[in-house]
Every structure is written in C-alpha cells, then in structure tokens.
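First comes the structure, then the notes that go with it.
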Amino acid sequence: MYEPIRTKSVHTAADAPGAYPHRSREEELDIQLAGHLAALLAVTDELGDDEGGERIARQVARLRGAPPARHAGLSGAPREELHRKAHALAGRALVVAASRADTSAAILAAERMDAHTAALAGDPLAAAP
C-alpha cells in the first residue's frame, strides 16, 4: 500500500561531520561585536571624531584580523540624530563585549556611550567636533 522511502533522511545527512560549517559561540560573538563596532565606526567618522574613530578601528581590526573599511559617504543626518545612533550602537557593542568577556572592547563601548550622552546633553567638550 505504501511505497518505501528511497532517499536518505535530511536528519541523518545533517549529522555527518563537515556537512555544514560550525562556529563556536566565541567566534559568533566576535563577528557580532566586530559588526556593531564597524557600524559605530561609520557614525563616528561621520561625526568627525578622528581619535574615537581610530580607537574603534583598532578594535575592529583586532576582532577581524584586518583593518576595517572606513566610512566614505555622509548621510546628512543632524548631529543629534547621529549621536543617538552612535549611543545605541555603542550600547549594543557593550552588551556583546560583556557577553564575551572582552574587557578592552567593553571599556571602549562604555566610553563611547558616555561621550555621546554628554554630547546629547550639550557638553561642548564631548565627542569631538
């Protein structure tokens, strides 16, 4: 009444070693952290904060093993909006850095959050020109 199944189960094929790429949790967190920091770098470059941008670029290079591509274009967004965006990106980077116990990236992210918070509060010395 029923015809037997003639193909291998997808479940047994997936169990074979090397069937698909595997990354450790640490590798996944490194990729995620590098992505958040690269996005923060783009906003930081747009704000014209060269010192902050260099520090972020060093962290991205450390995580990726190669220097990051630097932001080439400008969005034309108001500075306040850019500071809010940078603050949010730094917050995301801080969460991932804390999760993977990366002290240097966590400190950098926290410092960037503080700088953008101060800039939003109207501190003229905060977050560069």
Side-chain angles (χ1 to χ4, degrees):
M1 181 170 191
Y2 293 103
E3 187 174 333
I5 298 171
R6 294 184 179 149
T7 60
K8 288 188 175 188
S9 167
V10 294
H11 300 289
T12 58
D15 290 338
Y20 52 92
H22 294 279
R23 281 186 269 216
S24 70
R25 179 177 185 273
E26 306 309 324
E27 291 171 322
E28 290 293 338
L29 289 174
D30 282 350
I31 292 167
Q32 214 175 62
L33 180 57
H36 290 316
L37 289 174
L40 178 60
L41 176 60
V43 177
T44 303
D45 281 348
E46 186 165 357
L47 284 166
D49 182 0
D50 294 333
E51 181 184 337
E54 288 304 317
R55 292 180 62 213
I56 296 167
R58 282 194 298 273
Q59 289 294 323
V60 174
R62 178 181 62 84
L63 291 164
R64 288 188 176 163
R70 299 298 291 255
H71 185 63
L74 301 176
S75 69
R79 290 185 68 75
E80 184 176 318
E81 184 179 322
L82 291 172
H83 283 296
R84 286 186 203 288
K85 185 175 182 177
H87 185 273
L89 289 166
R92 290 181 190 133
L94 178 58
V95 169
V96 177
S99 176
R100 69 178 294 278
D102 186 333
T103 307
S104 60
I107 290 170
L108 174 63
E111 288 173 354
R112 298 314 306 156
M113 286 181 73
D114 289 346
H116 294 294
T117 298
L120 288 167
D123 185 353
L125 299 175

### Lys/Arg-Asp/Glu bridge criterion (N-O < 4.0 Å) met for R84, E80
yes

### Task
Identify the heavy atoms of L33 and A93 that sit nearest to each other, and give their distance.
CD1-O, 3.4 Å

#### Entry: Test item: E27 side-chain N/O and S24 main-chain N/O as donor-acceptor pair under 3.5 Å
yes

### Message
Is there a side-chain contact between S75 and E81 in this structure, where contact means two heavy atoms from C-beta onward sitting under 4.5 Å apart?
### Response
no

### Query
Between CG of D50 and CZ of R55, what distance do you get to the nearest 0.5 Å?
13.5 Å

### Task
For the pair E46 (side chain) and G76 (backbone), establish whether a donor and an acceptor sit closer than 3.5 Å, ignoring hydrogens and angles.
yes

### Task
Would you please test R58 and L108 for side-chain contact (heavy atoms from CB on, under 4.5 Å) and show each step?
CA-CA 11 Å; R58 282 194 298 273; L108 174 63; over 6 Å; no

### Task
Quick one: do S99 and R25 satisfy side chain to side chain donor-acceptor pair (under 3.5 Å)? Show the steps, please.
CA-CA 10 Å; S99 176; R25 179 177 185 273; 3.1 Å; yes

### Task
First locate atom NE2 of H116, then atom NE2 of H83, and finally report the distance between them rounded to the nearest 0.5 Å.
7.0 Å

### Query
I56, V96: one ILVMFWY side-chain cluster at the under-4.5 Å cut-off?
yes

### Those residues that, when tested against A38, pass side-chain contact (heavy atoms from CB on, under 4.5 Å) (two or more places apart)
R64

### Query
Between A86 and V43, which heavy-atom pair has the shortest distance, and what is it?
CB-CG1, 3.7 Å

### Message
Under a 3.5 Å cutoff, is there a donor and acceptor pairing between the side chains of T117 and R112?
### Response
no

#### Entry: Within-4.5 Å side-chain heavy-atom neighbours: R92 and Q32
no

### Query
Got a second to check how far I107's CD1 is from Q59's CD, nearest 0.5 Å?
9.5 Å

### Query
Where is the tightest heavy-atom contact between R100 and L29, given as atom of each residue plus distance?
CB-CD1, 3.8 Å

#### Entry: Heavy-atom pair of closest approach, residues R62 and D102
NH2-OD2, 2.6 Å

### Query
Within a strict 4.5 Å, meaning less than it, do heavy atoms of the E51 and D49 side chains meet?
yes

### Heavy-atom closest pair, residues P68 and L41
CG-CD2, 3.7 Å

### Query
Cluster question for you: counting only ILVMFWY and a side-chain heavy-atom cut-off of under 4.5 Å, with indirect links fine, are L37 and L82 together?
yes

